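Working notes for the structure below.
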Amino acid sequence: MSNKKKNLLSFQLDVSDFLPANEEEKQSLVVMRESVSFWRDGLRRFRKNKIGMISLVVIILIMIFAFVLPEFYPYSYEQQIRGSENLAPMQYSEEELARIAAGEKVFPHFLGTDLLGRDQTVRLMMGTRISLIVGIVASVLVLLIGSFYGTIAGYFGGKVDLVMMRIVDIIYTVPDILIIILLMVTLKYPLKNLAETNPSFAWIDTIGVGLICIFIVFCLLYWVGMARIVRSQILSIKEQEFVTAAKALGASHSRIIRKHLLTNVMGTLIVTTTLQIPSSIFTESFLSFIGIGVAAPMPSLGSMASLAIDGIYSYPYRLLAPAIMISLIILSFNLLGDALRDAFDPKLKN
Amino acid sequence: MANYVVKRVLIAIFTLWLVATITFFLMYMVPGGPFLAEKTPSAATLEALNKKYGLDQPVTVQYKNYMLNLLKGEMGESIKQRGRTVQDIISSGFKVSSRVGGIAILLSVSIGIPLGCIAAINRGKWLDNLIILVATTGIAVPSFVVATVLMVIFSVKLDLLPTYGLTSWQHYIMPVMALAFYPTAYISRLMRSSMLEVLGQDYMRTARAKGLSQAKSLFKHALRNAVLPVVTYLGPLLAYTLTGSFVVERIFTIPGLGSEFISSIINRDYTMIMGTTIFLASLIIIMNMLVDIAYKIIDPRIQLK
C-alpha cells in the first residue's frame, strides 16, 4: 500500500501510521540511560583508582596473614620453645639441628625467636591481628557514637546543637593522651577485679583488659572528630527540599534521620571511618609501646617493638618486622581512605 | 575580638577545671598508693606518711584542699621525689622537653613549607611525585619506629651518635629527627594541597598579568593565603610533639616532662600526676587559643565567633 504513490490532495489516512510500535521503535525513544546507583557509581570510580585497588589488595593480604595463617602455623604465639631462645632468622637451635639430622622435619623460624624462645613470625601475625582488631572495632565504635551524636546535634539545631557542640569543643581541648594514659591505668584494676569476682563478666578476661580499656578510651574521646564532620553535613542537607517534603508528608524525626539524612552522608561516613582505622592503630601501638596497652603474653606490634628495643644492640633485626608491618598497615589504610574519598565523596576532596 | 578572647579564656578555665577534677578522681580510683611500691612500710610509718601528705582525709576534703592550694598557685611537694616541689620538677623537665620539641617544630615547619610549595609549583612532574611519595610514607610511620630505626642505623651500625642523655649537640640529632619526621611530612602535604588551591585562584592570575614576577607573586600573594591551614595545624602539632615526646624521651632516656609524667603515673605520685596534667593541659589549651588568634591576624577576613 505504501508503495503506491498517494495523491497529495487525498484525505485518505495512512493506516500504517496507526499500527502499534514494535519493541525496537519503543527502545529508540527512551532517552534515559539506566540509572546508576550511588554505590555502583562510587565502585566504578574506585575500581579505576590503581593506588586504591593496590592498597585494598595489600590490606586483604595482611588480613589473611593475621587471621588465617596463625591457625595453620605449627607454633603458637605463647609457646616457649626450650633451647631455641634468641635465634636469628632462619637459624635452627642445636636440638632442632639434631632432629633434622635424624630425618625429622622442623618448621623454620622465618624471623627467628625472642628472648623466651617464642617464634617471632607467629607473634608478628598475632600482633598484626590485635592491631587490626583494635583499628577496626575502635573505628566502628567511633562511627556509631560520632554519627549518632552529630546527626542529633545537626538535625535539631538551635539550643540542642549549641550545648552538644560545646561539649564536643571541651572534649576536643582535653589533651587526649594524658586522659588515655590515666584511664588505662585506672581502669585496669577495677576491670580485672570485675572479671575475677563476677562470673558473668568473665568475657573481660578473654578479650583482655588492655583491649577493653583502649575501646573505652576511644568511645569516650575519639568520636568528636566524626561528630563534627557529620553535624556539618547534616546541617546543609536538612535544608534541602526532600527533607521538607518528607516532613510535609508527616514522616517522624527518626524516619527522616534514618531514611533521608544518614543515607545522604553515607559517603562521608565510610571515608571518615576508613581514615579513623590507621589513627586508631597508631594510638594502640603507641600505648602498647610505652607498656600500658595490650597485656602480655598477647603480642601487639607496639609491644613487640618495645621488647626489641631492650635487645637493640644484639638483635637489631627484631625491630624491623613489627616496624615495617605497622607502617605498611597505616600506609595502606591511608591510601585506601584517600581512594574511597575520591570515589564516594568528591566534594570532600581538597 | 576582646569579647572573643574573654569567652575563650572562660571556656579554657572551665576545661582546665574539668580536666583537673576528672584526673583527681580517676587517680584516687586506682587501687594502691604511692607508699606501696618497693617495700611496704610498717603500719605506723604508713599512717604518719599519709597524715603528712593529707592522704588520711576523705577524698572530697583532699579535693577541696588541693583546689584551694591550686588557686594560690601551689602544687605541693612531690610524694616520690622527696624535697622537690612539683613546680620545680615540671620546670626542669619542661626546659628539656621544650628545647627538643621546639627545635623539632622549627625544623618541620622550615622543611615542610618549602617542600609543599615546591611540590605544588611542579605539579605532576617527577619532583612533585617524589615529594608526595615521601610525605605519604612519612605520615604512616609512628615516631617510635623512626626513633628506633634511627638508633639502629646511627648508633648500633655506624656508631656515630650517642643513644641516651642530652649533654652535647650530637645528643639532640636523633630525638629531634624522630620528633620532626611526622609533622614535616604532614605539613608538606597540607602545604601542597592548599598551595594548589591558591595557585588556581583568580587573583594569582591577576598578579601575574599585571607583571609581577613569579617569585614575587608567590611570596606576596600565594604564600600568605596558603599558609593558613599550616597555622591551624600548629596547635595540634604542639600537642603531638608533647605526646610524641613521651615515647621519644623514653627511647633516648631524656629527662623531659613526658618521662616524668609516665613515671609519676606508674609510681602513683599523686601531686606530680595532678601537676603535670594541669600543666600540659593548660599549655595545649593556650597554644590552641594563640593559634586561633594568629589565624585572625594573618587573614583579617576571618570572623571569630
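All chains are named by letter (A, B, ...) in the order of the sequence lines, taking the proteins before the strands, and each is independently numbered beginning at 1. Being a predicted model, the structure only gives us computed values, none of them experimental.
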(message) Can you give me the closest heavy-atom contact between A:Leu319 and B:Val149, atom names plus distance?
(response) CD2-N, 4.1 Å
(message) Tell me if the CZ atom of B:Phe24 is crowded by more than 12 foreign heavy atoms within 6.0 Å.
(response) yes
(request) To the nearest 0.5 Å, tell me how far B:Thr137 OG1 sits from A:Ile330 CD1. (result) 12.5 Å
(message) With heavy-atom distances below 4.5 Å as the criterion, would you say the side chains of A:Arg166 and B:Ile11 are in contact?
(response) yes
(message) Taking atom CD1 as the centre, does A:Ile51 end up with more than 12 heavy-atom neighbours from other residues, nucleotides or ligands that are less than 6.0 angstrom away?
(response) no
(message) Within the 4.5 Å heavy-atom criterion, are A:Leu331 and B:Thr136 side-chain neighbours or not?
(response) yes
(message) Looking only at heavy atoms and a cut-off of under 4.5 Å, which of A:Ser285, A:Ser332, A:Pro278 has the most pairs with chain B?
(response) A:Ser285
(request) Could you pull out the closest heavy-atom pair between B:Phe144 and A:Ala305, with the gap in Å? (result) CE1-CB, 3.8 Å
(request) Measure B:Leu196 against the heavy atoms of chain A and call it side chain, backbone, both or neither at under 4.5 Å. (result) neither
(message) Report, in residue-number order, which members of residues 322-329 of chain A are under 4.5 Å from chain B by heavy-atom distance.
(response) A:Ala323, A:Ile326, A:Ser327
(message) I'd like to check B:Ile251 versus A:Phe289 (side-chain heavy atoms, cut-off strictly below 4.5 Å). Are they in contact?
(response) yes
